[in-house]
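Everything numeric here is computed off the predicted structure, so don't read it as measured data.
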Amino acid sequence: MNKIKENFSIIAFSILTLIVLVVFGIFSEQFLTVGNFLKAFKHLSITAISALGLTFVVSIGHNDMSFHYFSCFSAMTMSWLIGLGFAPVPAILLGLLPAVLFGIVNGVAIGTFKLPDMIVTIGLGSAVYGLAYIYSGGSYIYRNFQKSGIMELNNAVVLGLPLPVIFLILLYVGAWVLLHRSVHGRRFYAIGGNKKAALYSAVPVKAYIIAAFIICAVLSSFTNMIQIAAQGKGYLKGGLMLLMPSWAAVFVGISIFKKPTVYGTFLGAFLISIMQNGFTLLAVPFYFMDFVIGAVLILSIIISSLEMSSGSKKVKKGAQNGAS
Amino acid sequence: MVPAKTIVKTLFKPNLILLWVLFLMVFFFSTQSAAFRSVENLMEVLRSCGIIALMVLGVTWIVASGETDISFPEIAGFASMMTALLVKNGMIWGAAAVLAVLSGILYGLLSGTLITRFRFPALIATIAVGSLAKAVANMINKGQPLYLQSIDPTVQFLVYGKVLGVPVLFILVVVVYLLAAWIQDYTTTGQHLYALGENRKASLEAGIKEKKIIMSFFALSALLASFSGVLLAASFSSGQPRIGGSFFIDGLTTVFLGAMIIKAGKPNVLGTLIGAIIISVLSNGITLMGVPYYIGSIIKGLLMIAGVAVIVLSKRGIIK
């Protein structure tokens with residue numbers, strides 16, 4: 001009985017996922033097919049990779065409201081380089097450079113100078129988003145997109161799996177090892193738990209904060225590049241839609257496992273994405289998807305707090321509020 | 001007699017730096033553009049800061065009490081669609097506005113409940129509620145704007161009218177803000193709100209009714225956001241489901257810039273009003289100078305980071 005109580009959220013979440021799968025399976029013939037699952041995973045990889053980066057920032061107890069703006073800038077940099085005639089791989093790597101730079105700026109401002117994270121990330125995000133307009137003034141970049149091969153980033157199939165899904169698996173396994181099977185992971189959580197205690201335990205706190213913001217910026221930029229490759233044109237506002245689902249995925253994960261985890265984030269992203277996929281198959285219009293995000297979030301909040309009120313565990317608040 | 005040196009020192013205190021920035025900005029744009037310095041344009045600047053100033057007044061207090069609200073732009077978008085829908089179906093403007101505001105408040109109550117009852121971080125609760133509001137706003141007309149034939153003259157007057165050359169909207173904003181400033185600085189609610197922001201546990205032990213206050217702030221924020229949504233519907237002659245996105249950055253920038261004025265680091269209503277004017281001056285001046293508008297977003301971002309750096313570092317005594 002105690003076991004059930006302890007794992008209430010996990011059980012409730014599994015039942016919820018099962019119900020979702022069964023209901024969509026009944027209403028849509030295509031839903032429970034291999035082809036559809038590959039498609040769903042391809043769609044999932046976009047938000048899941050971005051949410052993975054955010055998991056690191058939340059695990060050190062900070063907020064990031066800028067990664068989606070950085071991803072716009074990086075993806076536009078990549079599109080611009082493609083337009084200049086660069087090959088896909090150098091264009092992607094060079095495009096990720098500014099993301100690293102912005103991650104460092106975020107990390108130094110928040111970790112080293114201890115400025116409030118909400119203000120810094122929104123300020124820097126706003127500035128970088130404005131800067132992203134310099135490449136094309138806000139219009140699409142089409143040049144060289146078809147012939148450069150950049151679209152393979154989304155379309156290629158390796159070992160029977162779409163390339164984005166391969167990235168999804170590799171990045172999640174890598175992040176799982178980093179956060180849950182290495183000393184670095186302990187340190188991320190230590191900083192999130194108590195910064196001063198971590199510092200006195202000889203954890204290089206500042207370096208880890210910078211690292212978390214770099215990981216967040218780079219992963220969201222990379223996932224936006226996949227999205228741009230899927231669209232077949234450099235599109236400035238493409239990255240903006242990453243913000244809400246990424247936060248939602250991370251927090252659904254927190255409400256299941258009581259702390260930001262790699263597997264929790266994955267399950268959160270999975271639940272949201274599979275529901276969006278199911279509704280798409282049922283021909284529900286696109287603007288309904290925000291409703292799915294909101295509803296899943298609220299439901300997971302309530303499930304998680306039901307468990308708390310039964311009094312077994314305490315939620316470890318992942319995010320502190322910024323402007324203090 | 002206060003020595004002149006002290007007066008000069010007071011004028012250059014870190015918490016007044018953004019006022020100087022505003023002053024220099026107005027001065028600079030005035031020298032660069034004849035169109036900017038005309039009285040008519042300056043009044044237009046004041047008018048156009050009105051809607052955003054109303055939208056983020058509640059957010060100011062929410063942030064000051066240590067919470068976050070990012071659902072306000074979506075609630076405004078929802079209220080603009082709701083108003084348009086009701087007016088389109090033959091309701092008079094006044095009733096439509098009241099109904100839109102009342103239904104907007106429901107979102108605030110929902111965020112408040114999720115935060116106070118279910119103890120989840122405000123950021124995530126408002127992300128959830130914002131997503132719901134956005135989705136409902138889009139459902140009203142299948143994701144399309146809803147255009148209106150006519151605007152009620154009273155509402156028209158509220159948005160575009162002038163009394164003695166001063167925009168009515170700005171007068172309304174000043175009245176609301178003065179009232180809010182009084183509540184903030186001369187009532188116990190105001191004291192409680194900063195106490196909550198300073199130390200949540202200590203405030204609870206001191207008997208401050210945290211849940212009630214937080215709940216009412218979120219309801220207030222939703223009320224003001226929906227009211228500005230009604231004004232948006234009037235000023236665009238349409239309901240715009242996706243208007244929210246454009247107010248997200250500007251709204252939070254306003255609050256955070258305002259936090260650096262007067263109370264050095266704490267959001268306060270007069271600061272927010274000045275923040276709204278700064279943003280309005282910036283976008284107006286940049287448009288009139290023919291500079292691409294995205295330069296404005298770069299300047300705003302840098303201003304915010306520089307401002308918070310000055311305030312935080314001066315508090316630690318690194319900058320004097």
Side-chain angles (χ1 to χ4, degrees), chain A residues 63 65 69 105 109 113-116 118-120 122-134 137-138 237 240 243-245 247-248 250-251 254-255 285-302 304-306 308-309 315 317-324, chain B residues 63-64 66-68 70 74 110 114 117-125 127-139 142-143 197-198 241 245 248-250 252-253 255-256 259-260 265-267 292-309 312-313 316:
Chain A
N63 294 319
M65 304 292 276
Y69 295 121
V105 175
F113 291 106
K114 300 197 173 55
L115 303 181
M118 283 290 269
I119 304 185
V120 167
I122 289 177
L124 189 64
S126 158
V128 167
Y129 183 58
L131 216 55
Y133 277 86
I134 56 169
K237 292 184 175 167
L240 293 184
L243 177 73
M244 298 268 177
W247 271 106
V250 171
F251 266 85
I254 291 177
S255 66
F286 69 96
Y287 45 79
F288 200 75
M289 300 315 164
D290 288 318
F291 199 87
V292 173
I293 296 177
V296 170
L297 253 183
I298 291 177
L299 200 64
S300 66
I301 290 174
I302 291 173
S304 147
S305 77
L306 282 181
M308 278 201 304
S309 54
V315 154
K317 270 198 184 180
Q320 298 294 321
N321 289 300
S324 50
Chain B
V63 176
E67 305 285 348
T68 320
I70 64 166
E74 311 298 355
L110 181 58
L114 290 174
R117 165 76 179 80
F118 295 105
R119 300 254 142 237
F120 241 66
L123 177 66
I124 204 63
I127 283 180
V129 171
S131 303
L132 290 184
K134 190 178 172 189
V136 175
N138 275 298
M139 281 172 205
K142 302 195 170 78
E198 206 61 54
F248 176 72
I249 277 218
D250 276 1
L252 290 175
T253 309
V255 174
F256 288 142
M260 292 151 209
K266 288 178 198 159
Y293 67 94
Y294 55 80
I295 300 293
S297 138
I298 298 176
I299 296 176
K300 272 179 248 169
L302 295 180
L303 207 58
M304 224 156 111
I305 297 177
V308 74
V312 171
L313 297 183
R316 291 199 205 116

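- With respect to chain B, the highest number of heavy-atom pairs below 4.5 Å among Ile122(A), Val292(A), Val128(A), Val120(A) belongs to Ile122(A).
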* Show the numbers, then the answer: is there a side chain to side chain contact (heavy atoms under 4.5 Å, CB included) between Tyr287(A) and Lys134(B)? => CA-CA 8 Å; Tyr287(A) 45 79; Lys134(B) 190 178 172 189; over 6 Å; no
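- Annotation: the span from Leu302(B) atom CG to Ser126(A) atom OG amounts to 8.0 Å, rounded to 0.5 Å.
- Interatomic distance, Leu114(B) CG to Ile302(A) CD1, rounded to the nearest 0.5 Å: 6.5 Å.
- Within the 4.5 Å cutoff, the side chain of Asp290(A) has no heavy atoms near those of the Glu74(B) side chain.
- Residues Met118(A) and Thr68(B) have side chains in contact (heavy-atom distance under 4.5 Å, counting atoms from C-beta outward).
- Side-chain contact between Phe118(B) and Ser304(A): absent, with no pair of heavy atoms (C-beta onward) separated by less than 4.5 Å.
- Side-chain contact check for Ile298(A) versus Leu132(B): some heavy-atom pair is nearer than 4.5 Å.
- Ring centroid separation for the pair Tyr293(B) and Tyr133(A) comes in under the 6.0 Å cut-off.
- For Lys142(B), the parts sitting under 4.5 Å from any heavy atom of chain A are the backbone and the side chain alike.
- Residue contact with chain A, scored on non-hydrogen atoms closer than 4.5 Å, involves the side chain of Leu252(B) exclusively.
- If you take CZ on Phe248(B) and CG on Leu243(A), they are separated by 5.5 Å, rounding to the nearest 0.5 Å.
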* **Derivation of the side chain to side chain contact (heavy atoms under 4.5 Å, CB included) call for Tyr129(A) and Ile298(B)** => CA-CA 8 Å; Tyr129(A) 183 58; Ile298(B) 298 176; over 6 Å; no
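- With a threshold of 4.5 angstrom between heavy atoms, Met65(A) approaches chain B through side-chain atoms but not through N, CA, C or O.
- Most heavy-atom pairs under 4.5 Å with chain A, from the set Ile249(B), Ile124(B), Ile127(B): that is Ile124(B).
- Atom CH2 of Trp247(A) sits about 13.5 Å away from atom OG of Ser131(B), to the nearest 0.5 Å.
- Among Val250(A), Val296(A), Ile293(A), Leu297(A), the residue making the largest number of heavy-atom pairs under 4.5 Å with chain B is Leu297(A).
- No part of Leu240(A) comes within reach of chain B, as not one of its non-hydrogen atoms sits under 4.5 angstrom from that chain.
- At a 4.5 Å heavy-atom cutoff, Leu303(B) makes no contact with chain A through either its backbone or its side chain.
- Summarising the geometry of Ala309(B) relative to Leu115(A), their closest heavy-atom pair is CA-CD2, 4.0 Å, with the distance given to 0.1 Å.
- Taking 4.5 Å as the limit, some side-chain heavy atom of Ile134(A) sits within range of a side-chain heavy atom of Tyr294(B).
- For the atom pair CG (Asn138(B)) and CZ (Phe291(A)), the distance works out to 12.5 Å, reported to the nearest 0.5 Å.
- For Ile70(B), the part sitting under 4.5 Å from any heavy atom of chain A is the side chain, from C-beta outward, and nothing else.
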